[in-house]
Amino acid sequence: MTGRLAARFANFGLSLLLVFVVLAAASVARADSDDGIFRVKSAVPMAEAISRIKADIAGKGIKFFSEIDQSKLAADAGIKLRPSTLLVFGNPPLGTQFITSNPNAGLDWPVRLLLTQDDNGDVWAVWTDFGWIAKRHNIGDRAAQFEMATKVVGSITSTITTK
């Protein structure tokens with residue numbers, strides 16, 4: 001009996017360790033500081049990252065509002081800018097709940113996801129952490145909705161983390 005109990009504890013410990021490792025690996029998106037900015041490195045070039053993200057948004061039935069090529073806008077103004085494209089999308093039944101809690105939350109909705117390329121040629125998906133948005137607008141009554149939004153954007157950006 002003691003042997004079985006020890007084996008169960010060992011299995012539990014291994015299971016707990018496995019859960020920790022999976023959660024640590026899944027948390028690729030991390031805020032670099034307390035500024036509420038999350039970044040995920042893309043494993044694919046900019047055009048493919050945009051294509052994958054837009055396809056995933058459409059596949060989830062999420063409303064796509066706009067694609068803004070910021071580097072083209074800069075070029076049209078005579079300014080050189082690394083590739084930078086802003087994607088604007090959202091799920092009104094979810095996102096507007098934040099605005100009902102605080103109308104000022106409309107500054108952060110719908111979701112804005114920036115795809116940008118750094119000096120090394122690496123492509124990054126960048127967005128504002130939803131927990132940070134909740135604090136910014138003092139919204140305490142929509143925890144489940146903020147959690148859902150976090151999961152959805154995490155799922156969308158996961159489409160660009162592998163070749």
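Quick note: residue numbers are just sequence positions, from 1. Just the heavy atoms: all of them, side chains too, but no hydrogens, waters or symmetry mates, feed the values below.
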Of all the heavy-atom pairs spanning [X] and [Y], show the shortest one and how long it is.
X: G90; Y: P92; result: O-CD, 3.5 Å
X: V123; Y: P45; result: CG2-C, 4.1 Å
X: P93; Y: N91; result: CD-OD1, 2.6 Å
X: S42; Y: A49; result: OG-CB, 3.8 Å

Set of side-chain contact (heavy atoms from CB on, under 4.5 Å) partners for R136, sequence neighbours left out: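 By the side-chain contact (heavy atoms from CB on, under 4.5 Å) rule, R136 matches L107, D108, W132.
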
Output yes when a side-chain donor or acceptor of [X] lies under 3.5 Å from a complementary backbone atom of [Y], and no otherwise.
X: R52; Y: I160; value: no
X: S51; Y: E48; value: no
X: R142; Y: S101; value: no
X: N120; Y: D122; value: no

In Å, rounded to the nearest 0.5 Å, how long is the span from [atom1] of [X] to [atom2] of [Y]?
X: L115; Y: W127; atom1: CG; atom2: CH2; answer: 10.0 Å
X: L114; Y: I37; atom1: CG; atom2: CD1; answer: 9.0 Å
X: M148; Y: Q145; atom1: CE; atom2: CD; answer: 9.0 Å
X: M46; Y: I50; atom1: CE; atom2: CD1; answer: 5.5 Å
X: T157; Y: F38; atom1: OG1; atom2: CZ; answer: 10.0 Å
X: D35; Y: D129; atom1: CG; atom2: CG; answer: 9.5 Å

Begin with the C-alpha distance, continue with both residues' side-chain angles, and end with the deciding distance and a verdict on side-chain hydrogen bond (donor to acceptor under 3.5 Å, both in side chains) for T116 and D118. CA-CA 7 Å; T116 188; D118 65 20; over 6 Å; no

Per the ring-ring contact (aromatic ring centres under 6.0 Å, His included) rule, what does the pair list look like for residues 68-94, sequence neighbours excluded? none

By the ring-ring contact (aromatic ring centres under 6.0 Å, His included) test, which pairs, at least two apart or in different chains, include something from residues 137-163?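 Residue pairs with at least one partner in residues 137-163: F98-F146.
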
Side-chain donor-acceptor distances from residues 78-85 under 3.5 Å, at least two apart:
unit_1: R82; atom_1: NE; unit_2: Q117; atom_2: O; d: 2.6
unit_1: R82; atom_1: NH1; unit_2: D119; atom_2: OD1; d: 2.9
unit_1: S84; atom_1: OG; unit_2: Q70; atom_2: OE1; d: 2.6

Quiz: residues 59-68 side-chain donor-acceptor pairs under 3.5 angstrom, not counting sequence neighbours:
unit_1: K60; atom_1: NZ; unit_2: D56; atom_2: OD1; d: 3.2
unit_1: K60; atom_1: NZ; unit_2: D56; atom_2: OD2; d: 2.6
unit_1: K60; atom_1: NZ; unit_2: S155; atom_2: OG; d: 3.0
unit_1: E67; atom_1: OE1; unit_2: K54; atom_2: NZ; d: 2.6

Ring pair (Phe, Tyr, Trp, His ring centres under 6.0 Å) with W124: which residues, sequence neighbours excluded? none

